[in-house]
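Take a look at the structure below.
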Amino acid sequence: MGWTAEPPAAAWAVDFTAEAEGQILRADPEGRKRLRPLIVEMLQHDPRPGYLDRYPERTTFGMRVCNLEVSWRLGHGRALVTSVLPAD
């Protein structure tokens with residue numbers, strides 16, 4: 001559509017806590033939704049609104065993915081997924 005010549009480069013490495021890994025398994029035991037790779041791909045490209053660059057002290061974020069609330073923290077060029085819970 002002409003928005004960009006190529007996709008942006010990945011911004012961050014993405015890690016998961018053991019608790020978040022377990023929550024993903026409980027949410028999709030057969031792995032059909034491929035939640036982990038989806039979350040990794042989304043977070044690698046920095047889904048935060050652009051204005052948040054002005055607030056570097058904010059390091060905890062969340063978003064909804066497939067009826068799940070995904071929470072993560074940023075630090076040292078990495079995103080750490082801390083929870084993947086059913087959305088209300």
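This structure is a prediction, so every number in the text was calculated from the model and none was measured.
The two atoms that bring A20 and S83 nearest to each other are CB-N, 4.0 Å, heavy atoms only. Between V84 and Q23, the shortest heavy-atom distance links the atoms N-OE1, 2.7 Å. Closest approach of D88 to R64, counting heavy atoms only: O-NH2, 4.1 Å.
One hydrophobic cluster, built from ILVMFWY side chains closer than 4.5 Å, cannot hold both L25 and L85; they sit in different ones.
The cationic group of R73 does not satisfy the cation-pi geometry with F61, failing either the under 6.0 Å distance to the six-membered ring centre or the 45° limit from the ring axis.
With a 4.5 Å cut-off on side-chain heavy atoms, T82 and E19 do not count as touching. Between F16 and V81, some side-chain heavy-atom pair lies under the 4.5 Å cut-off. Between K33 and L38, the closest side-chain pair of non-hydrogen atoms is not below 4.5 Å. Residues M42 and V65 are in side-chain contact: their nearest non-hydrogen atoms beyond the backbone lie under 4.5 Å apart. Residues V70 and L35 form no side-chain contact, since every pair of their non-hydrogen atoms from C-beta on lies 4.5 Å or further apart. E41 has its side chain out of reach of V14: every pair of non-hydrogen atoms, C-beta onward, lies at least 4.5 Å apart. Looking at heavy atoms from C-beta onward, M63 lies in side-chain contact with W72 at the 4.5 angstrom threshold. A heavy-atom distance below 4.5 Å is found between the side chains of L80 and T17.
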**OP:** Decide side-chain contact (heavy atoms from CB on, under 4.5 Å) for S71 and T60; before the verdict, give the C-alpha distance in whole Å, the side-chain angles of both, and the deciding distance to 0.1 Å.
**Re:** CA-CA 7 Å; S71 298; T60 304; 5.7 Å; no
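Within 6.0 Å of CZ on R48 lie more than 12 heavy atoms contributed by other residues, nucleotides or ligands. The local environment of CD in E21 is crowded, with over 12 non-hydrogen atoms from other residues, nucleotides or ligands closer than 6.0 Å.
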